[in-house]
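What follows is a single structure, written as structure tokens, with notes after it.
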Amino acid sequence: MKVHTQPGNCRPDQHDSRRNFLKGTIVTAAGAVVPNWGALVHSQTIAAEAKRLGKRCIMLYMEGGVSQIDTFDMKPGRPTAGPFRPIKTNVDGIQVCEYLPKMARHADKLAIIRSMKTKSVDHGIGGYHMHTCYPQSERVPHPEIGAMIAKYCDNPESDLPSFVKMGASGNYGAGYLGPKYDPFVLGTDGRLPGFTNPSVKPEVQERRGELLKFMEDQHAKVHQARPFASVREAELRTIRLMRARAAFDVNEEWEKARERYGDTHFGRGCFTAVKLAEAGVSFVEVGQWGYDSHNDNFSCHKSLLGRLDPAWSSLLEDLQVRGLLQDTLVVWTSEFGRTPLINSQAGRDHYGRAWTVVFAGGGIRGGQHYGASDKDGFDVAENPVSEGDYFATIYSALGMNHRKKHFLGTRPIWATPEGSKPIKQLLG
Amino acid sequence: MEKKEQTPEATGPFADAKVLYTLPWSREAITDVAFIGNERVAAANKRGEILVWNLSALDDKTTDPARLLSGHTNEINRLLVTPDGKTLISVSSDHTVRYWDALSEQGETGKVVLNGIERKGVVPLNAKPPEAPEPIEATVVVQKPLRELTGHREWVHGLAQTPDGKTLVTGDDEGVVIVWDRVAGTERRRWQGNFWVRALGVSPDGKTVAASEYFSHRHPEKEKDSYRSFRFWDVETGEPKLDCSEEIKDTMTAIRYSADGKWLAVCVGDSGKEKPPGKVMLLDPETGKVILDLEPPHLLGATDLAFHPDGKHLFSSGRDQLVKIWRLEDGKHVRDLGTAKERGDWISGISISPDGRLLAAADMKGQVVVYSLMAT
């Protein structure tokens, strides 16, 4: 895993070099570095493209493996059905679980893929695969989706981090894209870590920046290692975050939104995600913890869906009201689905043969199903969707090239594996 | 609080307990069981079906049920039989409470499937779906419910009655508790709690309902919005009169008053994991304080409770596949029925025959095991 931090392993136009890194800074009259976080990670071409795209993504990640049969691919009357019942939605032919009544009113925005067929069905490897598009490998550190979207959709003029995570969903890192794209991780309820409260005045911070730059320059003359840039990057991110922390302060507005979103960590996380999207953050991931229901699957899902429903539906409503939904792709996903068969502990186990993810918003044509599982949900009956197809669809919806080539040393790596295809039927 | 852990005796009460019948019904997980008199056993499943076996008709060649009680459209969560033995009452996730004629043998003849896809403890990752087996059918009398009470709008798990059979209490996942005139089937009182009422008990005088509520039992330390309560409600006013939520913070799965009102037993541990274990406790019915914390607890969550008609013993069941027998006088662990398993098919419900000679235990794998508790 060291290879992605070694200097000289990639061409400058393929990976961020120290020169690119410094291009992204602005030197003040006093000589202090005032880093522009976004610009640090962009060539001018990419920055222009990002401005043109103006796209964002919010990922709602159901940690532990959410059950497709108990949410969006119900099997009423079948032995695999379980106790939940389907309800109608605002789209004829689409039914959802009775414990998603608010989401039922947003079905016209949803593209429901019921034919996910994935290979990594344990938590670590599943989380990695569904975050990076690739199976976990010792040799290649793939970046997670948030890092990739941050790289290509970031607003270069924003002080905010471009990739924010909150809640439980694992942290798979920026991989070969480098530490600049690592996620900025908030508390489970979307609150900033305590260290972001500045302990010194801005002018003191600025002097420290000058000293740090001097030290860095001296050191860099004889040391070319990328870890050095990584340390510097962390410093810059912190400074910038302190300046932009007001965007994370949703306390006042949360008081008014609390009832709609649900007074839960996940609810507050979703509200914060809307605010961050509005402020220009390219990728926000909000995790909801606890779907790994090998026993008591139905109590588990009932309680979690009760929190998911108001939060997710309010997020869609607020994005729409603020005019953001058309440019904000909302992805509801997990590391895998759960078995159709109910085990003898009232649980459902890990399952990748046929499960469900949902898209909404930017770049997506809502009000439709794609693919299908068989009558009991054991296997995909039509239009199987691989991890690669899923990622290709996301990247395409955001206006990105899903076959974008990067280099790890001289080795080419694509954003999605060969053969991955976006689902055109879903793209608006 | 006092803890009691002692070595079971080789002799003494229930030392001769043995399995009398094993009644297979693997169509679905069985959720509860109830004796109808001393000769009949009813069991309910997650498909919403109830089967009744006439024990006197069983022998080495047949374990077929006699009747299918059909009407529920979702999981049946609890069963009880009125003290006169004439009415079976069920509560379900179809939001209804149903009365059934417990004794009638009349009805249309029909078939019931007794087996289904084998449910394993944990399915291997991405395993291919199992093949459905050839159906094993039995001929039964099919019966409909006598009455349907529709006062709930959510899953109904809480079910209890007074010893005189005049008062029935039910509780649901909206936090609603309803006190019914059992004979008339009319509501006498209802109140609104906060979250899921999955266990409740009514005092023998019908004046107090002890109810446990919870929401999200899974790793509460990770979510600020988990909720648990254990409160005593005044039936006359519909108001809480005692809050013992600080006393017991685990999720309760059964609450039972003894018929004489001297004991209030609760069991906890709605979890398939070792912690918290399936504790069984005896409480002061007036104060809700823990008098005895019975040891050793079930390895996994405890699921059900039953007082023995002798007034001296309490039985509990658990996810560890055990039925535990406790002496009320001092909380001594008398003995276990079954073999403990840390990852098994938990026993979901137990019932003791009115004469105290038999015990039935239903499990999630899909069988009812009837024990003889006394030497014959």
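The sequence lines fix the lettering, A, B, ..., with proteins before strands; numbering per chain opens at 1.
The 12-atom threshold is exceeded at CD of B:Gln192, counting heavy atoms of other residues, nucleotides or ligands nearer than 6.0 Å.
Residue contact with chain A, scored on non-hydrogen atoms closer than 4.5 Å, involves the side chain of B:Arg47 exclusively. Both the backbone and the side chain of A:Ala346 come within less than 4.5 Å of a heavy atom in chain B. Only the backbone of B:Thr73 comes within less than 4.5 Å of a heavy atom of chain A; no side-chain atom from C-beta onward does. Of the atoms belonging to A:Arg85, it is side-chain heavy atoms, and not backbone ones, that fall under 4.5 Å from chain B.
Salt-bridge annotation for B:Asp304 and B:Arg78: present, with a side-chain N of the basic residue lying under 4.0 Å from a carboxylate O of the acidic one. Of the charged side-chain nitrogens involved, at least one lies within less than 4.0 Å of a carboxylate oxygen, so that A:Asp70 and A:Arg348 count as a salt-bridged pair.
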Run the numbers on B:Thr253 and B:Thr303 for side chain to side chain donor-acceptor pair (under 3.5 Å), then give the verdict. CA-CA 6 Å; B:Thr253 48; B:Thr303 55; over 6 Å; no
